[in-house]
There are 2 protein chains.
Amino acid sequence: MLQYPSAWLQNASLGETIACELRLRIINGTIKTGETISENWVASEFGTSRSPVREALKTLSSEGLIRLERMGAVVVGLDVTDVEELYDVRFLIESFAQQRLAQSDVTGLLGCLQRIVDKMELAMKHNDAVEFSYQDLSFHETIITAANHNRILHLWKSIRPIVMTVMLLTTDEIFSKGEQKLHSVIDKHYTIMKGLESRKRDVIEQVVREYFADSRKTLHSSIPGRTS
Amino acid sequence: MLQYPSAWLQNASLGETIACELRLRIINGTIKTGETISENWVASEFGTSRSPVREALKTLSSEGLIRLERMGAVVVGLDVTDVEELYDVRFLIESFAQQRLAQSDVTGLLGCLQRIVDKMELAMKHNDAVEFSYQDLSFHETIITAANHNRILHLWKSIRPIVMTVMLLTTDEIFSKGEQKLHSVIDKHYTIMKGLESRKRDVIEQVVREYFADSRKTLHSSIPGRTS
DNA sequence: AGGTTCTAAGTTGTCGACAAGTATACTTGT
DNA sequence: ACAAGTATACTTGTCGACAACTTAGAACCT
């Protein structure tokens with residue numbers, strides 16, 4: 001079972017730690033869809049009081065992973081359909097961001113992206129799936145940030161923890177499928193950069209559309225299905 | 001000064017009540033952008049303990065109205081640019097939803113929408129701005145819900161409180177500008193319905209684009225500017 | 001047996017208190 | 001006058017406790 005990178009939780013509060021751990025358990029199916037979890041149960045599970053648990057549950061609720069009800073929180077979870085919907089949203093956000101960048105000067109941005117892709121290739125050589133997925137995430141986050149649109153950036157931040165967790169799981173799977181798959185992932189990022197460089201709206205639109213359509217195809221086994 | 005419809009807070013917890021009240025004060029400028037508010041200050045302001053305040057601040061933070069930092073919460077607020085960005089996001093969401101509905105049978109949906117527009121006309125006659133804005137909100141929410149896309153619906157729910165508050169303020173202003181403006185608002189909703197009825201993607205796209213482009217123009221005085 | 005009321009266990013919402021950490025203001029030494 | 005160190009007030013994170021409410025089940029009546 002994949003563990004959560006503990007280095008990321010170094011300066012985190014108990015509430016954030018619990019949220020991250022619960023998020024992982026919900027997405028990888030340890031905690032199953034339909035279950036109801038109570039604050040007391042989570043608190044005893046992590047050996048804390050209810051205060052940080054309440055914070056964690058509110059976070060997870062705002063991410064749509066659970067639904068807060070009068071008695072207990074119902075686990076919504078993520079099946080394959082939900083992850084596809086997540087990619088729909090990612091496409092909407094990134095497509096919007098890149099369209100916005102089509103008019104600007106992107107040379108500085110392209111430099112940043114190149115550095116990130118370099119780190120991805122390094123992570124591939126070191127067989128470091130966690131680092132690889134993190135740089136993958138950074139790549140897209142850098143683009144969205146560059147678009148300079150507060151609300152869109154906020155939208156991204158609201159789905160970011162889920163996207164990160166899903167990428168952690170799927171990237172781990174890609175690593176197990178050999179190096180060729182990894183090279184194709186990196187190539188896809190170069191394609192995006194070329195799209196940005198062209199500064200043509202229709203080219204960009206097509207490139208981004210293909211990117212996410214392709215990403216969708218490679219996730220069907222690390223995510224639990226509806227009937228798990 | 002516009003008050004918050006107290007009927008909506010009937011069954012709400014203290015945390016939700018505080019969140020709603022703070023949200024309104026931030027958006028209408030009573031609490032100004034750049035200020036930092038502490039949990040203790042809010043708690044004494046509302047005469048409660050810090051627990052519901054923490055919940056409220058977390059809510060407002062997830063909506064992007066404040067930024068939680070180590071010492072105090074910094075008020076981000078909404079200036080005119082931010083509201084325009086909000087309309088960008090609304091356009092993205094609703095455009096996606098309506099494109100999705102272009103393929104489905106929408107007769108049932110159109111019936112619902114007609115009933116809502118009827119209520120809007122009634123609210124106009126009764127000079128009830130609160131009811132009018134609420135039905136306006138319901139109109140768009142009904143469309144988004146009908147698209148049957150969990151993630152998009154969740155996105156909508158995450159911006160819904162802000163949209164509702166902004167609509168409350170702007171609608172109040174439209175009411176003060178006389179009946180003609182109100183008729184044109186209602187007409188815009190009929191235009192959307194006709195777009196949906198056509199079931200043609202390009203027609204729908206154009207209609208929705210025009211709707212939000214037009215809505216943007218009518219908000220420049222109820223929202224405080226950057227320098228207020 | 002079936003339906004109803006009452007009890008009991010469990011849940012959330014809210015409170016006040018304490019510890020740990022941070023920024024500000026003050027004091028002190030030069 | 002100014003720098004450095006210290007004290008102080010204020011902030012958040014976490015805890016345990018209590019009240020109000022919901023749900024499920026047991027006991028009881030018909």
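FYI, side chains are in, hydrogens and waters are out, and symmetry mates aren't considered; it's all heavy atoms of this structure. In what follows, chains carry the letters A, B, and so on, assigned in the order in which the sequence lines appear, proteins first and then strands, with residues in each chain numbered from 1.
Between the CD atom of B/E16 and the P atom of C/dT14 there is a distance of 8 Å, rounded to whole Å. Atom pair B/R50:CZ and C/dG13:P shows a separation of 18 Å (rounding to whole Å applied). A/E69 has its CD atom 16 Å from the C1' atom of D/dC21, to the nearest Å. One can place NZ of A/K58 at 11 Å from P of C/dT14, the figure rounded to the nearest angstrom. Put simply, CG on A/L14 is 13 Å from P on C/dG21, counting in whole angstrom units. Rounded to an integer number of Å, the gap from CG of A/N11 to P of D/dT12 is 18 Å. The CD atom of A/E55 sits 15 Å away from the P atom of C/dG13 (whole-angstrom rounding).
Within the 4.5 Å cutoff, side-chain heavy atoms of A/W156 are placed close to those of A/V163.
Residue contacts for A/S51: at a heavy-atom cut-off of 4.0 Å it reaches a base atom on one of the strands shown.
Checking side-chain atoms of A/D82 against main-chain N and O of A/D79 turns up a donor-acceptor pair under 3.5 Å. A donor-acceptor distance shorter than 3.5 angstrom exists from the side chain of B/S158 to the backbone of B/L155, with no hydrogens or angles considered. Proximity of a side-chain donor or acceptor of A/E121 to a complementary backbone N or O of A/D118 within less than 3.5 Å is not detected.
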Please list, for nucleotides 8-11 of chain C, all pairs of protein and nucleotide N/O atoms separated by less than 3.5 Å.
{"residue": "C/dT11", "atom": "O3'", "partner": "A/G72", "partner atom": "N", "Å": "3.4"}

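Put simply, A/R54 has a side-chain N or O that comes within less than 4.0 Å of OP1 or OP2 on C/dG13.
Using N1 to N3 plus N6-O4 or O6-N4 for Watson-Crick, or N1-O2 and O6-N3 for G-U wobble, each under 3.5 Å, C/dT30 pairs with D/dA1.
A distance of 6.0 Å or more separates the ring centres of B/F132 and B/H126.
Relative orientation of the A/H189 and A/Y211 rings is perpendicular, given thresholds of 30° and 60° on the angle between their planes.
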